[in-house]
Amino acid sequence: MEGPEKEGLMIVVGVDGSDAGMEAACWAAREAGLRGVPLRIANAIPAWACSTAQQGAYTKVAAWMRDGAAAVLGAATERVLAQAPRVPVDTAILAGDPRPALVEAAVDADLLVVGNHGLGGFRGLLLGSVAYGVAGHAPCDVVVVREVPSAPRPEIVVGIDGSPACAKVLDFAFAEAALRGTTLRVVHAYSSLNAGGGLAPLPDDFDDEKAEVRMVREALAGRRERYPDVKIVEEVVRGHPVDVLGQASANADLLVIGSQGAGEFRGLVFGSVCQAMLQHATCPMVVVRVPAPPG
């Protein structure tokens, strides 16, 4: 069975002492156990506080910050090992703003996990700013743990839009579904091609739904054979992708989307759909790192 494991890599999770950070750490630990990779738990404090050679009036403050970071990491490690005792775990205190610090820490990772908001090491940042920042710049795929379902849900949802980037997004989603032994719901939202926009009208007998269904099946070509044990549900819906994916995530354990796209996503800068889904998704969300479309 194929899976998203990458030998020698790891999962990095950012924690800050908040409940959201702890949920992210637990999610990351379970994922590390599934993938058979180690987990690194990280907390960020100001760069000046990282130096043990700190002198003057701020010496005690710096020591207090380091002790606080160590306590946060210790609590997260204890919680993680209670849930996934076989996962190799190490910790790191990062220097500086958590956004660039986590991005740098993820250079050797295949997955970076964060909560959608928090306090502690993220104090003073607006809701979602760390999640937005790392999702936009991390060198690997990013998971934002907005809300963990209280009971396991039997499927993963992946949103596709017909762009070339869909291949990488689908690869991640299929591999994850195979790893978990769960259903994969492939969701495509579209608007009618006859709905204005200055384009020449299409023939009366043109069926845009059939065209969209065909696009989805072409995108899935070959993957059914590679993942014969993955049950696939195709869902082609006329509507805005944020609305459609938000509804689909209500019954999912995981939502998978790409960092860029075309179709309904065309012309949107990175983060427009991701930011909306951070507010509306009701399950952890993966932002698969894909290159920006040309032009």
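Considering every non-hydrogen atom in both G21 and V15, the closest pair reads O-CG1, 3.6 Å. Heavy atoms only, all atoms of each residue included: L102 and A42 are closest at CD2-CB, 4.3 Å. Of all the heavy atoms in V216 and H188, the pair that sits closest is CG2-CB, 3.7 Å. Looking at every heavy atom in both residues, A281 comes nearest to L255 through CB-CD2, 4.1 Å. Minimum heavy-atom separation, P139 to A106: CG-O, 3.6 Å. Closest heavy-atom contact between C50 and L94: SG-O, 4.0 Å.
Under the 4.5 Å side-chain heavy-atom criterion for ILVMFWY residues, a single connected hydrophobic cluster contains both F172 and Y227. Hydrophobic clustering places I41 together with I93 (ILVMFWY residues linked when any side-chain heavy atoms are closer than 4.5 Å, directly or through intermediates). One hydrophobic cluster, built from ILVMFWY side chains closer than 4.5 Å, holds both L73 and I45. A chain of hydrophobic side-chain contacts below 4.5 Å, direct or via other Ile, Leu, Val, Met, Phe, Trp or Tyr residues, connects V37 to V288. Note: the hydrophobic cluster containing V169 does not contain V233 (ILVMFWY, side chain heavy atoms under 4.5 Å, direct or indirect links).
Taken to the nearest 0.5 Å, the NE2 atom of H137 stands 13.5 Å off from the CG atom of L112. The line from CG of N251 to OG1 of T282 is 7.5 Å long, rounded to the nearest 0.5 Å. One distance of note links SG of C140 with CE of M10; it measures 9.0 Å at 0.5 Å rounding. Distance CD/E235 to CG/L245: 9.0 Å, rounded to 0.5 Å.
A donor-acceptor distance shorter than 3.5 angstrom exists from the side chain of D253 to the backbone of R153, with no hydrogens or angles considered. Counting only distance, with no hydrogens or angles, the side chain of S249 and the backbone of G246 share a donor-acceptor pair below 3.5 Å. At distances below 3.5 Å, not a single donor-acceptor pair connects side-chain atoms of R40 with backbone N or O atoms of A92. Under a 3.5 Å cut-off, the side chain of R66 and the backbone N or O of A49 do form a donor-acceptor pair. Side-chain atoms of T182 do not come within 3.5 Å of backbone N or O of A177 as any donor-acceptor pair.
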Original post:
Can E155 and R180 be said to form a salt bridge (charged side-chain N to carboxylate O under 4.0 Å, His left out), step by step?
Top reply: CA-CA 9 Å; E155 67 181 24; R180 296 176 179 220; over 6 Å; no
Subject >> Full working for side chain to side chain contact (heavy atoms under 4.5 Å, CB included) between D171 and R226 >> reply: CA-CA 10 Å; D171 285 344; R226 288 168 55 196; 3.7 Å; yes
**OP:** Step by step, work out the side chain to side chain contact (heavy atoms under 4.5 Å, CB included) result for R35 and L111.
**Re:** CA-CA 11 Å; R35 295 183 178 216; L111 203 61; 3.8 Å; yes
**OP:** Carefully, step by step, assess M65 and Y58 under the rule side chain to side chain contact (heavy atoms under 4.5 Å, CB included).
**Re:** CA-CA 10 Å; M65 285 188 172; Y58 295 103; over 6 Å; no
**OP:** Might you work through the side chain to side chain contact (heavy atoms under 4.5 Å, CB included) test for W27 and I11, ending with a clear yes or no?
**Re:** CA-CA 11 Å; W27 189 97; I11 294 175; 5.8 Å; no
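Using a 4.5 Å heavy-atom cutoff, the side chains of L170 and V158 are in contact. Looking at heavy atoms from C-beta onward, P284 lies in side-chain contact with L254 at the 4.5 angstrom threshold. Contact check for L220 versus E234: side-chain heavy atoms found under the 4.5 Å cut-off. Using a 4.5 Å cut-off on side-chain heavy atoms (C-beta onward), E31 and L34 make contact.
Counting non-hydrogen atoms of other residues, nucleotides and ligands closer than 6.0 Å to CD of E225 gives a total above 12. No more than 12 heavy-atom neighbours from other residues, nucleotides or ligands sit within 6.0 angstrom of CD on E104. Counting non-hydrogen atoms of neighbouring residues, nucleotides and ligands closer than 6.0 angstrom, the CG atom of D19 reaches no more than 12 such neighbours.
For the side-chain contact (heavy atoms from CB on, under 4.5 Å) with I156, the qualifying choice from V230, V256, V286 is V256, the only one to do so.
Between R238 and E209, none of the side-chain N atoms (NZ, or NE/NH1/NH2) sits under 4.0 Å from a carboxylate O, so this pair counts as no salt bridge.
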